[in-house]
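For reference, the structure discussed in these notes is given below.
Proteins come first, then strands; the chains are lettered A, B, ... in the order of their sequence lines, and each starts at number 1. This structure is a prediction, so every number in the text was calculated from the model and none was measured.
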Amino acid sequence: MADLSVKIAGVTMKNPMIAASGTVGFGQEYGALFPISTLGGISTKGTTLHRRPGNPPPRIAETPAGLLNSVGLQNPGADAFLAEELPRLKQEDLVVIANLAGSTLEEYVAVVEKVSDSDVDMIELNISCPNVKAGGAAFGVSAACAAEVTAAVRKVCKKPLIIKLSPNVSDIAEIARAVEAAGADAISLINTLLGMRIDIRTRRPILRNNVGGLSGPAVFPVAVRMVWQASRAVKIPVIGMGGISSAEDAVEMMLAGASAFQIGSALFADPTCPVKILEDLNRYLDEQGIASVTELTGMVNPY
Amino acid sequence: MAYQQGSFPIVEKKQLTEDVFSFLVRCPEVAAQSEAGQFVHIRVEGFSLRRPISICEVDRDAGTLRLVMQVRGKGTDALAAQKEGDFLDMLAPLGHGFRIPEEGRILVVGGGIGVPPLLQAAKESRGADAVLGFRSAGQVILAEDYAAVCGDVQIATDDGSLGRKGTVVPIVAEKLAAERYAAVLACGPTRMLEAVATAAREAGVPCQVSMEERMGCGIGACLVCACKTRKADGSEDFSHVCKDGPVFDAERVFFKEEGRN
């Protein structure tokens, strides 16, 4: 059997499969369906300094080969995460990645400072949130803003810092380079693509927030392309995600340049898919005579 | 959290109306855990999201669940095309169902495809009356099933083609005035639920409502099926239909949340 372990920014994971933030909460609900330690890691529900109620419903719309969501970062706040969720998760044999978010630079710094002092293994920064003080454009859509928030957070972050990139940009390589230069230990991508659906009878958007993030198999080729472009632009490890629903997809993502991968929307149709993906990944590696899964990373042979 | 995922055979299929189908599914372990008012989340090949379908009847001895579903789009259309002998990939049983009073008669109030989830509750109660509303006579479902387990069954149709013309609400008010019920259980369109909840409150009868919202994971992880509720301390919060519901105390629910259909 091949060695599935990977090392990201100094943190060893027993396998490269991570549950993506926002789809698995804090792991408890899926833990009733499969051992949560099947996963190499879990990126927990996006957490902010203070509790957030989230957006009014509807928050989800199905799309061809995917879905749109606009939960609005409903979360219990950093204190509740640390007190109620983290101790339980830390008893499991998996890497705990705290996904953190904010609306201002100060809020990002404060939440990272707080969570950084806990025993989470890594921090993943969601920089796709609207920057309230800069007219609401997401931090992650300009290289300058992305670098600014990365640098500010870096100063207080005692854990390996993953910056989760927004795909709603024209040059992903530029953003990747900017956050690397600002001190990121790794990058993860892609967050969801901004989308919209409209009910043709009521002429109202299906989502109460009008727009939402697109995920699922529909975005997979976009994600592969962006992981490929970003991974060629930086030296830090890349965690690939966006529409992965099989071991084949995961291998493709790693060949594009990812050192690890995240599973998200695929869980909704197939809640135990991580078990199958891991089995199939093992089989693929054995069939291909690959000794370590790390041998896949970036090994696409482009024209 | 006693839910599980598995593939279970359809042992009987019936078409109830033009677009409503009844499936009997053999799933002994799921049936043993299922309660009135809970739901199952069914995978549809080729679709990103499962379809939540309420449990209509539970036969723990036979190890079966009865599911009654309406075709609403391409996903449910594909579900409705399943035949006897086909297998349904279900995540079940999910959510919190009805709390049935240990004493006293209950009034169940259903509208349209909100009628099926109340049948098991009526069966398990210490006696029930039912008020069922439909658009017209052609849409009436489960009237005989309710008649078999309820004392009195009243039907209302929007066009008056069967039973009383109009909504269930005036009938509910009459029933509440005539008899002291231990609880009102309701499922149907939000506007109906709000009116029934108001009538129950005015009569001083506790009311439980089964809510519907566009759903993702079905188990409380993804937080998309939000329903605005009032907590015990009076503060407002978004609960989630899949995990905290689908059944809520009516007094906790904000029915007028903007954006709700």
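With a 4.5 Å cut-off on non-hydrogen atoms, A:Ile60 touches chain B through its backbone and its side chain both. For chain B, no part of A:Ser215 is nearby; none of its heavy atoms comes within less than 4.5 Å. Both the backbone and the side chain of B:Gln5 come within contact range of chain A, each with at least one heavy atom under 4.5 Å from a heavy atom of that chain. Within the 4.5 angstrom heavy-atom criterion, only side-chain atoms of A:Val71, from C-beta onward, approach chain B. For chain B, no part of A:Phe26 is nearby; none of its heavy atoms comes within less than 4.5 Å. Residue contact with chain A, scored on non-hydrogen atoms closer than 4.5 Å, involves the side chain of B:Leu91 exclusively. For chain B, the nearby parts of A:Thr272 are the backbone and the side chain; heavy atoms of each come within less than 4.5 Å.
No side-chain heavy atom of B:Arg51 sits under 4.5 Å from any side-chain heavy atom of B:Arg72. For the pair A:Pro58 and B:Glu213, the minimum side-chain heavy-atom distance is below 4.5 Å.
A side-chain contact (heavy atoms from CB on, under 4.5 Å) with A:Arg197 holds for exactly one of A:Val211, A:Ile206, A:Leu214; it is A:Ile206.
Contacts with chain A were tallied for B:Val44, B:Ile42, B:Asp89, B:Asp237; B:Asp237 has the most, counting heavy-atom pairs under 4.5 Å. Interface remark: of the candidates A:Ser70, A:Gly22, A:Pro271, A:Pro271 forms the most heavy-atom pairs closer than 4.5 Å to chain B.
Contact detail for A:Asp249 and A:Phe220: the closest heavy-atom pair is O-CZ, 3.5 Å.
One distance of note links CD1 of B:Ile55 with CZ of B:Arg66; it measures 13.5 Å at 0.5 Å rounding. Considering CD1 of A:Ile263 and OG of A:Ser43, their distance stands at 13.0 Å, rounded to 0.5 Å. Interatomic distance, B:Met211 CE to B:Cys225 SG, rounded to the nearest 0.5 Å: 11.5 Å.
Side-chain atoms of B:Asp249 do not come within 3.5 Å of backbone N or O of B:Glu251 as any donor-acceptor pair.
Of residues 48-55 of chain A, those residues with a non-hydrogen atom less than 4.5 Å from any non-hydrogen atom of chain B are, in numerical order, A:Arg51, A:Pro53, A:Gly54, A:Asn55.
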Give the intermediate values and the outcome of salt bridge (charged side-chain N to carboxylate O under 4.0 Å, His left out) for residues B:Asp77 and B:Lys74.
CA-CA 5 Å; B:Asp77 195 34; B:Lys74 288 175 189 163; over 6 Å; no
Would you check, one step at a time, whether the test side chain to side chain donor-acceptor pair (under 3.5 Å) holds for A:Glu124 with A:Ser188?
CA-CA 8 Å; A:Glu124 180 177 59; A:Ser188 60; 2.6 Å; yes
